[in-house]
Amino acid sequence: MSEVRLEAVTTSFFGYGCIDMLSAEIKKRGYRRSLIVTDSFLYKSGTADRVGQAILGGDAEYAIFYLVTPNPTVEVINECIKAARALDVDFLTAVGGGSAIDTAKAVSIVLANGGRVEDYEGANRSLKAGMPVVAVNTTAGTGSEVTQFYIVTDTVKHSKMCMVDVNCKIAIAINDTQFMVSMPKGLTAATGMDAMTHAIEAVQAKTANPLTNKDALWAITQINNYLPTAVSTPDNVQARDMMSYAQYTAGMAFSNSGVGMVHAMAHALGGKYNLPHGICNAVLLPYIMSYNASHANLETQFRSIACALGINGAYTMDYNELSSSAVNHIKALSAQVGITQTLNDLKVKREDLRELAATAMKDLCMQSNPVMPTAEDVVSVYEQAF
């Protein structure tokens with residue numbers, strides 16, 4: 001096996017009410033002034049100020065930037081950078097899901113390194129560690145609080161820029177389920193299937209290793225077991241706790257192994273149509289699992305995934321039955337939690353498929369897929385998802 005390097009968040013807190021642990025951590029690190037980066041809903045609901053109280057308890061000050069949008073754009077990043085500079089903050093606090101956390105990561109890199117956010121598209125383009133970021137995760141899916149990835153939408157090119165940068169790592173990650181129990185069922189389902197996609201793609205990635213597999217396969221089991229309960233019974237704290245752990249470990253896995261074709265194709269959809277990332281992943285995942293199974297020998301990976309999903313007879317099935325069973329199980333889970341099943345339902349236009357395929361082929365995530373598709377292959381998979 002070739003050399004393996006693992007990157008992880010410095011400090012993480014888990015459990016209902018763990019936001020109260022933030023104050024002592026802020027004092028210990030000597031942070032003084034923060035910009036809370038969030039969206040208008042979490043600002044108006046008081047969630048951002050609840051986090052702000054923990055910041056005040058750490059003898060630090062805070063202000064709130066609440067203009068984050070789903071699929072954050074270059075324009076949102078630039079406005080947040082202006083606010084952070086005007087306030088002369090020494091740390092950022094993201095409150096929300098992947099959109100808020102990715103916004104804070106992007107801002108932290110530009111504040112520390114200068115230039116424009118567009119300058120950092122690709123892998124490890126920055127020279128210095130970003131400004132410290134506290135990530136208070138309010139969803140259970142993106143894993144952004146633990147990854148070295150962030151995504152920014154270029155509204156001029158109608159595409160998503162994928163940044164992979166060790167310098168964007170979060171300083172303090174907080175997964176407090178008191179902020180998750182009020183998530184709507186649709187968001188719970190979408191973010192949960194996003195985490196499932198992370199875990200499955202991490203297992204199949206070309207750069208997977210035993211440690212990333214350990215995390216990814218554990219996450220697959222927990223998501224399979226607890227996502228339906230989290231969706232159907234939103235105030236079930238055990239299900240919420242286990243989903244927060246599972247999405248975190250899935251994030252740890254894919255941050256160090258990479259993802260693949262699902263994410264490359266989902267990013268193209270999100271950039272073109274401003275669609276929810278988790279739903280795009282969920283719709284595409286089974287079709288790309290089938291594509292990968294037919295174009296590469298992934299018997300070991302599919303057997304591990306099928307076993308993690310609890311599929312009866314997974315140890316003895318032949319390869320075709322094994323891969324088909326895993327694909328069908330994922331389709332059934334997605335339908336069970338109420339996810340849209342087709343690209344047609346998402347109003348994707350067939351006449352855009354070649355443009356989408358060209359965008360996906362250039363996405364950094366495609367490089368980790370176990371087999372490199374052609375643009376025609378990508379168009380074909382999009383077609384199957386209709």
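Each residue takes its place number in the sequence, starting with 1. Note that these values count all heavy atoms, side chains included, but never hydrogens, waters or copies made by symmetry. Every value quoted in this text rests on a predicted model; they were computed, and no experiment measured them.
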Flag the pair T233 / D235 as yes when at least one side-chain heavy-atom distance between them is below 4.5 Å, and no otherwise.
yes
Whether the side chain of T147 engages the backbone of G251 through a donor-acceptor N/O pair (distance < 3.5 Å, no angle test) should be reported.
no
Within the structure provided, determine whether L227 and M193 are in side-chain contact (heavy-atom separation under 4.5 Å).
yes
If you count the non-hydrogen atoms of other residues, nucleotides and ligands that lie under 6.0 Å from CZ in R354, is the total more than 12?
no
So D241 and T177, side-chain hydrogen bond (donor to acceptor under 3.5 Å, both in side chains) or not? Walk me through it.
CA-CA 6 Å; D241 276 342; T177 47; 3.0 Å; yes
The residue among L67, V68, L35 that forms side-chain contact (heavy atoms from CB on, under 4.5 Å) with C80 is L35
So do M242 and T229 actually touch side chain to side chain, heavy atoms under 4.5 Å?
no
Over 12 foreign heavy atoms within 6.0 Å of CZ, F41
no
Could you state the interatomic distance from OG1 (T103) to CG (L92), rounded to the nearest 0.5 Å?
10.5 Å
Show your reasoning for whether side-chain contact (heavy atoms from CB on, under 4.5 Å) applies to I220 and V203.
CA-CA 10 Å; I220 289 169; V203 174; 4.3 Å; yes
Kindly say whether A308 contributes a backbone atom to a donor-acceptor pair with the side chain of T221 at under 3.5 angstrom?
yes
Can you find a heavy atom in the side chain of L356 that is under 4.5 Å from one in the side chain of K272?
yes
Do you know which two heavy atoms are closest between L269 and C280, and how far apart they sit?
CB-SG, 3.9 Å
Tell me the closest heavy-atom pair linking G258 and T207, and the distance in Å.
N-OG1, 4.4 Å
Between Y287 and V262, is any pair of side-chain heavy atoms under 4.5 Å apart?
no
State, with a plain yes or no, whether a side-chain heavy atom of F149 is found less than 4.5 Å away from one of L364.
no
For the CE atom of M196 and the CG atom of N224, what is their distance to the nearest 0.5 Å?
5.0 Å
Parallel under 30°, tilted from 30 to 60°, perpendicular over 60°: which one fits the rings of Y248 and F14?
perpendicular
Taking atom NZ of K157 as the centre, report whether more than 12 heavy atoms of other residues, nucleotides or ligands fall under 6.0 Å from it.
no
Run the numbers on D352 and V348 for side-chain contact (heavy atoms from CB on, under 4.5 Å), then give the verdict.
CA-CA 8 Å; D352 292 336; V348 174; 5.7 Å; no
Taking all atoms of both residues into account, what is the closest heavy-atom pair of V283 and T340, and its distance?
CG2-O, 3.1 Å
Would you check, one step at a time, whether the test side-chain contact (heavy atoms from CB on, under 4.5 Å) holds for L333 with L309?
CA-CA 10 Å; L333 176 64; L309 290 169; 5.5 Å; no
Distance from R29 atom CZ to D90 atom CG, nearest 0.5 Å?
12.0 Å
For residues 115-124, which side-chain donor-acceptor pairs fall under 3.5 Å, sequence neighbours excluded?
residue : atom : partner : partner atom : Å
D119    : OD2  : R116    : N            : 2.8
Y120    : OH   : G114    : O            : 2.5
N124    : OD1  : V166    : N            : 3.1

For S144 and D102, what are the C-alpha separation, side-chain angles and deciding distance, and is it a side-chain hydrogen bond (donor to acceptor under 3.5 Å, both in side chains)?
CA-CA 7 Å; S144 187; D102 281 8; 2.6 Å; yes
Under the side-chain contact (heavy atoms from CB on, under 4.5 Å) criterion, do N256 and Q148 qualify, and how do the steps go?
CA-CA 8 Å; N256 288 286; Q148 51 191 319; 3.9 Å; yes
From the list R33, R32, E61, side-chain contact (heavy atoms from CB on, under 4.5 Å) partner of V89 resolves to R33
Hydrophobic cluster (4.5 angstrom, side-chain heavy atoms) - remaining members for M183
M180, L187
Under a 3.5 Å distance rule, please check whether K206 uses its side chain to pair with a backbone N or O of Q367 as donor and acceptor.
yes
Between atom OG1 of T11 and atom CD1 of I172, what is the distance when rounded to the nearest 0.5 Å?
6.0 Å
Applying side-chain hydrogen bond (donor to acceptor under 3.5 Å, both in side chains) to R350 and not counting sequence neighbours gives E383
Among residues at least two apart in sequence or on other chains, which ones pass side-chain hydrogen bond (donor to acceptor under 3.5 Å, both in side chains) with K44?
none
Steps toward side-chain hydrogen bond (donor to acceptor under 3.5 Å, both in side chains) verdict (D377, S380)
CA-CA 5 Å; D377 291 337; S380 176; over 6 Å; no
Minimal non-hydrogen separation, I36 against A48, with atom names
CD1-O, 3.4 Å
Taking all heavy atoms of R240 and all of A230, pick out the closest pair and write down the distance.
NH2-O, 3.8 Å
Output the distance between atom CG (L346) and atom CD (Q341), rounded to the nearest 0.5 Å.
10.0 Å
Return the minimal non-hydrogen interatomic distance between T38 and V95, and the atom names on each side.
OG1-O, 2.8 Å
Apply side-chain hydrogen bond (donor to acceptor under 3.5 Å, both in side chains) to the pair Q247 and N175, showing each step before the final yes or no.
CA-CA 10 Å; Q247 65 87 33; N175 277 282; 3.2 Å; yes
Going by ring-ring contact (aromatic ring centres under 6.0 Å, His included), name the pairs with one or both residues in residues 154-211, residues two or more places apart or in two chains.
H198-F254, H198-H263
Would you say D318 has more than 12 foreign heavy atoms packed within less than 6.0 Å of its CG?
yes
Any ring-ring contact (aromatic ring centres under 6.0 Å, His included) pairs touching residues 53-102, not counting sequence neighbours?
Y31-F91, Y43-Y66
Rounded to the nearest 0.5 Å, what separates atom NE2 in H267 from atom NE2 in H277?
4.5 Å
